[in-house]
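The next block holds one structure in the form of structure tokens; read it before the comments.
Just the heavy atoms: all of them, side chains too, but no hydrogens, waters or symmetry mates, feed the values below. Positions are given from 1, in the same order as the sequence printed here.
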Amino acid sequence: MHLKLKAIILLFFLIANFTFANEINDFEDEFSQYKVNDPLSGYNKVMTRFNVFLYDYALRPTLVAYKKITPEAFRIGVKNFFDNLAFPLRFINNTLQFKFEHAGEESKRFIANTILGFGGIMNAADALHLKKYPADFGSTLAHWGIGSGFHLVLPILGPSNLRDSLSLPVDWFLYPSAYINPDWASFAISAYAYGNEISFRIDEIDEIYHNTPNLYPFLRDAYEQRRIEISK
């Protein structure tokens with residue numbers, strides 16, 4: 001169980017770490033005013049280069065091939081299904097933050113997607129204008145005043161900080177795939193969900209990784225600022 005937990009946490013939270021990419025442009029104007037506690041900057045820069053290398057030479061070629069042979073409608077259905085499956089993570093953490101209106105909206109989304117969206121394959125909630133409210137245990141701790149600590153780039157996982165890194169096991173056990181047996185099935189499902197998610201972001205990630213001056217501080221500040229926004 002210990003080895004299973006570590007492996008699947010890595011795969012599952014890669015999805016979460018890449019979801020900030022859509023919001024990166026919103027934070028560009030704020031970087032010059034935002035200071036991050038970064039005593040491990042030397043290590044973090046090396047690990048960022050390692051993660052980019054891993055993406056370029058292992059993950060990206062696999063996902064490019066997957067994208068070419070898999071119909072987009074199918075990939076969207078898979079993406080919607082796993083997003084709907086993450087409902088407990090968002091609902092419980094919004095509730096712990098006393099954001100009851102957000103938790104209620106998440107419940108409506110889950111019901112709409114599960115019933116009208118055929119188990120979450122279709123995103124009926126967006127058609128009904130039901131908003132999603134991302135939340136995890138790290139954002140819950142931040143909401144109640146727990147500081148982020150120092151910035152930390154994790155192998156494979158990418159940008160994080162001390163608080164969010166220590167929150168990963170809690171978040172994992174709020175995700176239904178944590179309880180799938182046997183272990184290899186849980187691992188395979190998590191890996192597939194991650195890969196399918198990233199298949200929609202290949203061009204965007206390429207642009208960020210290879211056309212951004214000073215990549216490491218850009219990723220660092222985008223991550224930390226996004227975490228501040230989510231915890232409000």
- Message: What verdict does the side chain to side chain contact (heavy atoms under 4.5 Å, CB included) test give for Ser148 and Arg227, after you've listed the backbone C-alpha separation in whole Å, the side-chain angles of each residue and the deciding distance to 0.1 Å?
- Response: CA-CA 9 Å; Ser148 62; Arg227 297 301 292 169; over 6 Å; no
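- Among all heavy-atom pairs drawn from Trp172 and Ser190, the shortest one is CH2-OG, 3.7 Å.
- Phe200 and Ile198 fall into different hydrophobic clusters, where Ile, Leu, Val, Met, Phe, Trp and Tyr residues are linked whenever their side-chain heavy atoms come under 4.5 Å apart, directly or through other members.
- There is a side-chain donor-acceptor pair under 3.5 Å between Asp206 and Tyr55.
- Other residues, nucleotides and ligands contribute more than 12 heavy atoms inside 6.0 Å of the CZ atom of Phe100.
- Judged by distance alone, the side chains of Asn196 and Tyr66 do bring a donor and an acceptor atom under 3.5 Å apart.
- Donor-acceptor pairing under 3.5 Å is lacking for the side chains of Glu106 and Asn94.
- Proximity of His210 to Val52: side-chain heavy atoms (C-beta onward) are separated by under 4.5 Å at one or more points.
- The existence of a salt bridge linking Arg109 and Glu105 is excluded, since no basic side-chain nitrogen approaches an acidic carboxylate oxygen closer than 4.0 Å.
- Across Ile230 and Ser139, no two heavy atoms sit closer than the pair CG2-CB, 3.7 Å.
- The two residues Asn84 and Gly120 come nearest to each other via the heavy atoms ND2-CA, 3.8 Å.
- A donor and an acceptor atom, one from each side chain of Asp164 and Tyr223, are located under 3.5 Å apart.
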- Task: Run the numbers on Asp126 and Lys132 for salt bridge (charged side-chain N to carboxylate O under 4.0 Å, His left out), then give the verdict.
- Result: CA-CA 9 Å; Asp126 280 359; Lys132 181 168 67 174; over 6 Å; no
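- In this structure, the side chains of Lys67 and Leu63 stay at 4.5 Å or more apart for every pair of heavy atoms.
- Other residues, nucleotides and ligands contribute more than 12 heavy atoms inside 6.0 Å of the NZ atom of Lys99.
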- Task: Please assess Phe98 against Trp144 for the test ring-ring contact (aromatic ring centres under 6.0 Å, His included), listing each intermediate value before the final yes or no.
- Result: CA-CA 10 Å; Phe98 291 176; Trp144 293 112; 5.2 Å; yes
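- Remark: the Ser165 side chain and the Ser160 side chain contain an N/O donor-acceptor pair separated by less than 3.5 Å.
- Looking only at side-chain heavy atoms (C-beta outward), Arg220 and Thr48 stay at 4.5 Å or farther from each other.
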- Applying salt bridge (charged side-chain N to carboxylate O under 4.0 Å, His left out), run through Arg90 and Asp136 and close with a yes or a no. CA-CA 6 Å; Arg90 298 189 296 268; Asp136 52 47; over 6 Å; no
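- Checked by atom type and distance alone, the side chain of Ser186 never pairs as donor or acceptor with a backbone atom of Pro182 at under 3.5 Å.
- Asn80 and Asn113 form no side-chain donor-acceptor contact under 3.5 Å, judged by distance and modelled atom types alone.
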- Query: For Leu89 and Asp171, what are the C-alpha separation, side-chain angles and deciding distance, and is it a side chain to side chain contact (heavy atoms under 4.5 Å, CB included)?
  - Reply: CA-CA 7 Å; Leu89 180 70; Asp171 285 340; 3.4 Å; yes
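- Annotation: side chain of Thr212 is not in contact with side chain of Asn214 (no heavy-atom distance under 4.5 Å).
- Residue Leu141 comes nearest to Ser167 through the heavy atom pair CD1-OG, 3.5 Å, listed as atom of the first residue, atom of the second, then distance.
- The cluster map of Ile, Leu, Val, Met, Phe, Trp and Tyr, joined by side-chain heavy atoms under 4.5 Å apart, puts Phe173 and Ile180 in the same cluster.
- Asn44 places a side-chain N or O within donor-acceptor distance of the main-chain N or O of Leu40, the cut-off being under 3.5 Å.
- Across every non-hydrogen atom of Ala142 and Arg163, the tightest pair is CB-NH1, 3.4 Å.
- When only modelled atom types and interatomic distance are considered, Arg75 and Ser199 share a side-chain donor-acceptor pair under 3.5 Å.
- Taking all atoms of both residues into account, the shortest heavy-atom contact from Met47 to Pro155 is SD-CA, 3.6 Å.
- With hydrogens and angles left out, the side-chain atoms of Asn93 and His143 include no donor and acceptor closer than 3.5 Å.
- When hydrophobic clusters are built by joining Ile, Leu, Val, Met, Phe, Trp and Tyr residues whose side-chain heavy atoms come closer than 4.5 Å, directly or via intermediates, Phe110 is grouped together with Leu174.
- Residues Val153 and His151 form a side-chain contact, since some pair of their non-hydrogen atoms from C-beta on lies under 4.5 Å apart.
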- Task: Begin with the C-alpha distance, continue with both residues' side-chain angles, and end with the deciding distance and a verdict on ring-ring contact (aromatic ring centres under 6.0 Å, His included) for Tyr216 and Phe218.
- Result: CA-CA 5 Å; Tyr216 167 65; Phe218 182 83; over 10 Å; no
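- For Phe118, the CZ atom sits in a loose shell: 12 or fewer heavy atoms of surrounding residues, nucleotides or ligands are nearer than 6.0 Å.
- Side-chain contact between Tyr209 and Leu219: present, with at least one pair of heavy atoms (C-beta onward) separated by less than 4.5 Å.
- Side-chain polar atoms of Asp221 and Gln225 form no donor-acceptor pair below 3.5 angstrom.
- Two residues are said to be in side-chain contact when any heavy atoms from C-beta on lie closer than 4.5 Å; Ser107 and Phe91 meet this criterion.
- Within the 4.5 Å cutoff, the side chain of Phe150 has no heavy atoms near those of the Val36 side chain.
- A perpendicular orientation is assigned to the rings of Phe82 and Tyr192, their planes being inclined by more than 60° (bins at 30° and 60°).
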